[in-house]
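Everything below concerns the one structure shown next.
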Protein chains: 2
Amino acid sequence: MKKNPKPSSKRNENRACAEHHHDPKPSIERAARILKDAGLKSTKPRSALLEAMTRFHAPFSTEELFRAVKASDLDLVTVYRSLATFSDLGIVSRVDLGDGVVRYELRSPDGSHHHHFVCQECQKVEPLDSCEIKAQENRLRELGYSQLSHRLEFFGICPDCREHSRADARTR
Amino acid sequence: MKKNPKPSSKRNENRACAEHHHDPKPSIERAARILKDAGLKSTKPRSALLEAMTRFHAPFSTEELFRAVKASDLDLVTVYRSLATFSDLGIVSRVDLGDGVVRYELRSPDGSHHHHFVCQECQKVEPLDSCEIKAQENRLRELGYSQLSHRLEFFGICPDCREHSRADARTR
DNA sequence: AGAATATTGCAAACTGTTTGCAATGACATC
DNA sequence: GATGTCATTGCAAACAGTTTGCAATATTCT
């Protein structure tokens, strides 16, 4: 799988969505409770991973998370296993951006659900609020389909990149 | 990556979408023209692959396509390379169902675009007509986002499976 | 038919992910 | 606070899917 330019986290100020720079603590506490309730242990590696995850403001890959906790010196295998566990417990959810890379995202305590906009130039990923797909789901429901869920991602060029390429064109 | 039950092609009669049991020929002819226009060659392996693709009525994986042409005795590598070429030329498009398996689908000559419903019980995949996401896209466009596209898949339990599980419950 | 070049097959490399197993660490109980 | 139990970790190795290098082959054009 090809490596793309750069995940660029600068300027991740979500123009397409209301801000949610959530406080790390609730997420971590929630996770701890969930682990405990499931009879699982709260270990140093897991805490380090949870802490690191709160520092991401966009979906991250296993590899990225691994690099983010490198100081704590865990094995990559542990990251894989922890993410699998967290995912099963609903602490994180898988985000599929269609480039073949598996990414995750810390789920917000209220269980709300959102989609993303991915800039195909700078690779920035922004959360979007709401999804007006209910109509489509309702239609399927009327046809007898049940337990519906969906997965949606938008792609395109973000306003920043559009502006930059204009500037480039002028000075070229 | 775990293997799921069975791709089940039986009963793929698209209740959620108008039928389109397209005639194979136009697709193959279109592909031949596109290849030629791109200065590429029309070879026996490519023809075999194109022919095999028309027999699928749901997105297929590289592996599945490989098995479907096994008689023609091509190398799996050729299937990978051909699909990459076809995808670049717009002869097929990648379909992402979120289970980590890369799938493709022969694009219809009119370039129309659709999404899918995936039954999480029998794994059946059905095309859906239309997508009412234009509103969301328009909103992004007003915010300065451009060259928008999206990717959407629905998941759930199809009417058949729902019916079967009811029957199961009664006789159990 | 012949030249130019795209395409194929085969083997081997790679990447991302998973598994087996022994050593370690967390938590509850005494 | 020591002890027993069981989840968790690290390491090495296996694996699956996909990609690459290269020589042999096939296609297309003249």
**Study point:** Which residues share a ring-ring contact (aromatic ring centres under 6.0 Å, His included) with B/Phe66, sequence neighbours left out
**Key:**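 Checked B/Phe66 against ring-ring contact (aromatic ring centres under 6.0 Å, His included); zero matches.
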
Review point. Under the ring-ring contact (aromatic ring centres under 6.0 Å, His included) test, which residues partner A/Phe154, sequence neighbours left out?
Key: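 A/Phe154 satisfies ring-ring contact (aromatic ring centres under 6.0 Å, His included) with B/His150 only.
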
Check your understanding: Does the side chain of B/Thr62 get closer than 4.0 angstrom to OP1 or OP2 of D/dG17 through an N or O atom?
Key ->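 For B/Thr62, the contact criterion (side-chain N or O under 4.0 Å from OP1 or OP2 of D/dG17) is not met.
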
Practice item. Report yes if a side-chain nitrogen or oxygen of B/Arg46 is closer than 4.0 Å to either non-bridging phosphate oxygen (OP1 or OP2) of C/dT7; otherwise report no. Key: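 Indeed, a polar side-chain atom of B/Arg46 lies that close.
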
Review point. Any side-chain donor paired with an acceptor under 3.5 Å for B/Ser112 and B/Ser108?
Key: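 Yes, side-chain donor-acceptor contact under 3.5 Å.
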
Check your understanding: Distance from B/Leu40 atom CG to B/Leu89 atom CG, nearest 0.5 Å?
Key ->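 Answer rounded to 0.5 Å: 6.0 Å.
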
Exercise for review: Find the distance between NE2 (B/His57) and CD (B/Glu126) and round it off to the nearest 0.5 Å.
Suggested key: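 Result: 14.0 Å between the selected atoms.
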
Practice item. Could you work out which one of C/dA6, D/dA7, C/dA26 sits closest to the side chain of A/Thr43? Key: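 Of the options given, the side chain of A/Thr43 lies nearest C/dA26.
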
Practice item. Select one nucleotide: of C/dG20, D/dC22, C/dT17, the one nearest the side-chain heavy atoms of A/Tyr80. Key: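 Between C/dG20, D/dC22, C/dT17, the one nearest the side chain of A/Tyr80 would be C/dT17.
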
In whole Å, I'd like the distance from the [atom1] atom of [X] to the [atom2] atom of [N].
X: A/Lys36; N: C/dA26; atom1: NZ; atom2: C1'; answer: 11 Å
X: B/Leu49; N: C/dT8; atom1: CG; atom2: C1'; answer: 12 Å
X: A/Phe66; N: C/dT15; atom1: CZ; atom2: C1'; answer: 15 Å
X: B/Arg94; N: D/dG17; atom1: CZ; atom2: P; answer: 15 Å
X: B/Asp99; N: D/dA16; atom1: CG; atom2: P; answer: 17 Å
X: B/Lys44; N: D/dT25; atom1: NZ; atom2: C1'; answer: 12 Å
X: B/Asp88; N: C/dT7; atom1: CG; atom2: P; answer: 12 Å
X: A/Arg103; N: C/dT17; atom1: CZ; atom2: C1'; answer: 16 Å

Review point. Which residue lies toward the 5' end of DNA chain D, B/Lys41 or B/Arg81, if each is placed at its nearest nucleotide?
Key: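 It is B/Arg81, whose closest nucleotide lies nearer the 5' terminus.
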
Review point. Heavy atoms, side chains only, cut-off 4.5 Å: are B/Leu106 and B/Phe86 in contact?
Key: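 No; the side chains remain at least 4.5 Å from each other.
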
**Study point:** Sequence neighbours excluded - salt bridge (Lys or Arg N to Asp or Glu O under 4.0 Å) pairs with any residue from residues 100-117 of chain B
**Key:**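 Matches after skipping sequence neighbours: B/Asp99-B/Arg103.
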
Exercise for review: Work out how much the helix from C/dA1-D/dT30 to C/dC30-D/dG1 bends between its end axes, five pairs an end, to the nearest 10 degrees.
Suggested key: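 So the angle between the two local helix axes works out to 40°.
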
Review point. Tell me, which of residues 72-79 of chain B have any heavy atom that sits under 4.0 Å from an atom in DNA chain C?
Key: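 Residues of residues 72-79 of chain B under 4.0 Å from DNA chain C: B/Asp73, B/Leu74, B/Asp75, B/Val77, B/Thr78.
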
Review point. Should the pair A/Glu142-A/Arg139 be classified as a salt bridge under the 4.0 Å nitrogen-to-oxygen rule?
Key: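 No, no charged N to carboxylate O under 4.0 Å.
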
Point to revise | All pairs passing side-chain hydrogen bond (donor to acceptor under 3.5 Å, both in side chains) where residues 39-53 of chain B contributes a residue, at least two apart | key: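 As it turns out, the side-chain hydrogen bond (donor to acceptor under 3.5 Å, both in side chains) pairs with a partner in residues 39-53 of chain B, which skip direct neighbours, are B/Glu51-B/Arg55.
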
